[in-house]
Amino acid sequence: MSIQPSRASAASVGQAPGWWRRAVVYQVYIRSFADANGDGVGDIAGIRSRLAYLRDLGVDAIWVNPWYPSPMVDGGYDVADYRAIDPAYGTLDDARLLIREAHDHGLRVLGDIVPNHTSAEHPWFREAVASAPGSPARERYVFRDGRGPGGEEPPNNWPSVFGGPAWTRVASAGGGPAQWYLHLFDPGQPDLNWENGEVRAEFEAILRFWFDLGLDGFRIDVAHGLAKDATLPDLPPDADPSVPEDDHPFWGQDGTHSVYRAWRRIAEAYGADRVFIGEIGPMGPDGQARLARYLRPDELHQAFNFDFLRAPWDAAKLRSVIDATLAPLAEVGAPPTWVLSNHDVTRHATRYGRPYSGLEAWETWVERQPADRALGLRRARAAALLMLALPGAAYVYQGEELGLGEVEDLPEELLQDPTWERSGHEWRGRDGCRVPIPWSGDAPPFGFGPSGCTPWLPQPAGWRGHTVEAQADDRTSMLELYRTALRIRRTHPGLAGEELTWLASPPGTLVFERGAGLRCAVNLSGAAVPLPTARTTLLRSDAGDEDPLPPDAAAWYVGR
Ligand code: GLC
């Protein structure tokens with residue numbers, strides 16, 4: 001059976017050019033969202049079966065993590081074929097159906113494009129390995145001779161993000177010296193050479209393929225990493241490889257901007273409602289200003305706000321991130337975005353229950369401080385009201401609306417994230433935020449798949465209170481908090497615009513006004529704080545309406 005492209009059904013989501021400026025986008029980590037065929041791995045049919053849930057939750061769009069054929073050395077961010085669906089997830093016809101049905105539910109669908117690297121199993125890389133140094137096949141990647149006698153040292157000192165060196169040596173091919181290839185991530189993810197015209201043309205064709213199929217846009221993986229300094233200079237010995245500074249040889253190089261200008265022209269040819277969101281950064285000091293350069297009117301539409309995600313639960317720090325976000329983005333006319341969790345970081349309901357320690361969202365050390373679950377959950381509820389009251393777009397990671405915490409006791413033999421092995425077992429990796437989510441019932445698989453199926457990562461027994469079923473209609477639940485907040489966000493005129501005015505408030509609190517007198521107050525101090533007595537409360541994270549507002553709680557109200 002062949003199913004026609006779903007362009008016609010795009011009408012059901014409306015031709016709204018600026019929809020993304022204030023959208024709430026729900027991140028579907030496909031492996032762990034819903035499993036229709038019972039093999040323990042989520043799939044497209046599973047997403048289709050839950051579209052009504054997503055519509056009723058009140059989000060505007062979904063972003064689906066990579067679904068392409070992949071050896072899965074990095075959860076699918078190692079793509080072997082950019083124009084197909086991994087058989088574990090379904091078929092292209094399933095993808096067409098998903099897009100069509102999502103549109104019918106009023107939801108847009110964003111894919112995940114991975115342009116920095118392919119899989120080592122991609123036909124291009126196989127061809128490159130089998131070809132001689134200097135051949136056109138090798139030019140699509142970053143191959144270099146090694147240093148030292150016999151070329152036995154890597155070409156430079158760049159580290160892989162996942163631990164160990166960013167270079168792997170291949171066997172000698174075609175009689176030349178054995179060369180090294182660059183992989184900023186796993187050796188199974190060779191970096192492409194974005195100076196190469198064939199690489200650029202291929203990705204432009206891939207974008208058209210998916211736009212033709214009906215996708216509404218893309219999240220762009222490692223969007224600030226494509227261009228490299230062609231001289232491949234060593235990093236200074238004390239450089240923090242994760243935080244780009246000016247002139248970093250592989251993060252934030254200027255050569256990347258021309259790629260996105262070409263992509264934007266392609267998107268515009270399909271209509272002003274097609275959108276790109278870049279995974280950029282965090283960009284270090286002055287990060288939002290650096291980020292804004294990717295969001296100029298002829299480049300990307302949005303970028304994730306990792307400075308917000310990594311900020312500690314501290315009023316002054318959050319306020320400074322919010323201010324540092326709004327000004328530079330306004331200058332280029334891009335909407336701000338807000339995000340608390342994703343598939344790469346410790347879930348925030350756990351993070352906020354721990355004393356803050358720097359870059360901790362990405363830190364998954366084997367030895368970690370225990371988290372205070374109740375405190376983390378209270379703060380996660382308040383953080384949801386903060387995020388959803390801010391102007392711009394928000395990104396919700398599957399399961400945060402259920403109050404899921406990080407699963408920190410997965411058995412070591414089940415860990416799949418490559419960082420576990422590459423760090424020599426110092427980092428547990430990101431599996432703890434990727435555990436299949438609970439829908440219903442009292443025991444695993446909690447409705448994730450048909451009963452009797454074994455989810456690819458084990459779910460904690462304690463999740464029985466976190467299922468959608470257990471939380472639905474319970475007005476004190478996290479799920480109902482999200483549903484109500486999203487309904488108010490969609491319907492209240494006060495949240496329609498892009499304005500924000502800070503109001504004077506006690507130390508350790510954040511109080512701001514949007515339009516129509518709608519205010520958001522967040523108490524991050526250790527003591528209760530009074531709210532104005534003349535107010536109409538719209539929503540409270542602590543589900544009460546008492547005055548004063550307790551610590552770690554937030555309120556939406558209309559002041560009078
Ligand atoms: C991005 C993805 C992450 C992946 C990496 C390499 O950061 O979010 O999951 O491991 O890129 O593709």
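Because the structure is a prediction, the values reported are computed rather than measured. For ligands, and for the atoms within them, numbers begin at 1 and follow the listed sequence.
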Between Trp439 and Phe446 (judged by ring centroids, cut-off 6.0 Å), do the two rings come close enough to count as a pair? no
Applying ring pair (Phe, Tyr, Trp, His ring centres under 6.0 Å), can you list everything that pairs with Phe304, at least two apart in sequence or on another chain? Trp63, Phe306, Tyr395
Test side-chain hydrogen bond (donor to acceptor under 3.5 Å, both in side chains) applied to Glu299 - qualifying residues, sequence neighbours left out: His257, Arg261, Arg296
I'd like the contact residues of ligand 1, where contact means a heavy atom below 4.0 Å. Asp74, Tyr77, His117, Phe162, Phe185, Gln189, Arg219, Asp221, Val222, Glu279, His343, Asp344, Arg430, Arg434
Are Arg31 and Asp86 close enough for a salt bridge, meaning some N to O gap below 4.0 Å? no
Residues at least two apart in sequence or cross-chain that pass side-chain hydrogen bond (donor to acceptor under 3.5 Å, both in side chains) with Asp39, listed by chain then number, are none
So, are Arg274 and Glu268 salt-bridged, with charged N and O less than 4.0 Å apart? no
